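First comes the structure, then the notes that go with it.
In the text below, chain A, chain B and the rest are named by the order of the sequence lines, each starting its count at 1. All values reported here derive from a predicted model rather than from experimental measurement.
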There are 2 protein chains.
Amino acid sequence: MQRLGQASKNGASAALCAGEVLVGVPEVMRYLRHQMRRRRHRGLTVPQFRALVFVAHHDNASLSDIAEHLGISLPAMSRLVGTLVRRGLMCRKEGRDDRRRISLSLTGRGRSAFRVAHAAARRSLAERIGDLPLREIARVTAAMQVLARLFVPNASDGGSSGR
Amino acid sequence: MQRLGQASKNGASAALCAGEVLVGVPEVMRYLRHQMRRRRHRGLTVPQFRALVFVAHHDNASLSDIAEHLGISLPAMSRLVGTLVRRGLMCRKEGRDDRRRISLSLTGRGRSAFRVAHAAARRSLAERIGDLPLREIARVTAAMQVLARLFVPNASDGGSSGR
DNA sequence: TATTGTTATACTCTATAACTATA
DNA sequence: TATAGTTATAGAGTATAACAATA
């Protein structure tokens, strides 16, 4: 996928693109945070939401799994999970073969909170995006898929050199 | 630009797109945060960086101006600015006609820190983006411009209601 | 000893509430 | 009284360092 000589060839375009990403992505993120705070989607913050997303897709994940995926430290993750457990959204069990590894899963309330928050965030975004012409919507959709592939480490990327 | 009947027509595409944005944008953001923390770009956090960006583009902005643009509360903004002033990156003066409004500007060090952080963040992104084929880079660039227009209130948007 | 996770401590970010100073 | 900002207080997010439990 990545040719070695391509970096220099694409350098100028990549730098331009990076500048635009640096403008656009934080703006969207700001909007999302603002929405989540305003409507208090079941009281979830963005990191809490992202932790729920991960566990919803990876049942019985360990703390290290989530921490690595979200790119935050183990202690930070431990605390974040602690608040989710305290609120009855996540369940923390001892692993059966390796008792050091914890096994995380969503409770019924956790699954429900996740669905509600996800739907609300998506609806907020869709409301704005719906103002665009169809061609631009398609363009944004395609670009997001490209970015997701590029920046999510576990999605079909080898990951041996990644981190 | 936005016809009223368009929302329903574009609804399905917009919802799909919103789902993709909800995956892609947080991933890019996570990467950016991680980079900023790893390399400690002059010790700037993302919110601090964004405050510098705003003041770099809007000299003599007031606290309310930044707070509204970043979408955070006045007290939160006050503290954020306080740390930037304490670190010698930003300058907080009293407004000349209205002494309640403060007038914010970057110090030399602030401008330099901003430039360094911006260049580093951009380079980090460009490194990854450079792996993409040119066509996809162009696609991402275009999409980001669309999103920025859509989510930044003051960029070529009427702004009569915004501020 | 190495790995997994937690707790301790110390920041920053953020909000709401209460306050000060200016208009 | 209304507006611009600050300070007080509280809670979440985050990191590093120190620790406990398990392998």
If you take atom types as modelled and just measure distance, does the side chain of B:Arg79 reach the base of C:dT12 with a donor-acceptor pair under 3.5 Å?
no
How does protein contact run along nucleotides 18-23 of chain C, one letter per nucleotide 5' to 3', with B for base contact, S for sugar-phosphate only, - for none, heavy atoms under 4.0 Å?
---BBS
What residues, two or more places apart in sequence or in another chain, satisfy side chain to side chain contact (heavy atoms under 4.5 Å, CB included) together with A:Ile102?
A:Leu63, A:Arg92, A:Leu104
Using a 4.0 Å heavy-atom cut-off, does A:Arg33 contact any base of the nucleic acid, only the sugar-phosphate backbone, or nothing at all?
nothing
Does B:Ser73 reach a base, just sugar-phosphate, or nothing at all? Heavy atoms under 4.0 Å.
base
Do B:Glu136 and A:Arg149 come within less than 4.5 Å of each other through their side chains, counting heavy atoms only?
yes
Just call it for B:Arg92: base, sugar-phosphate, or nothing, with non-hydrogen atoms closer than 4.0 Å on any strand.
sugar-phosphate
Regarding the side chain of B:Leu74, the nearest nucleotide among D:dT6, C:dT14, C:dC13 is D:dT6
Regarding B:Ile102, tell me which of base, sugar-phosphate or nothing describes its non-hydrogen contacts under 4.0 Å with the strands shown.
sugar-phosphate
Give the intermediate values and the outcome of side-chain contact (heavy atoms from CB on, under 4.5 Å) for residues A:Glu68 and A:Met77.
CA-CA 9 Å; A:Glu68 183 175 346; A:Met77 201 65 240; over 6 Å; no
In the structure I gave you, are the side-chain heavy atoms of B:Met144 and A:Val23 within less than 4.5 Å of one another anywhere?
no
Got a sec, which residues hit side chain to side chain contact (heavy atoms under 4.5 Å, CB included) with B:Gln145, two or more places apart in sequence or on another chain?
A:Glu20, B:Thr141
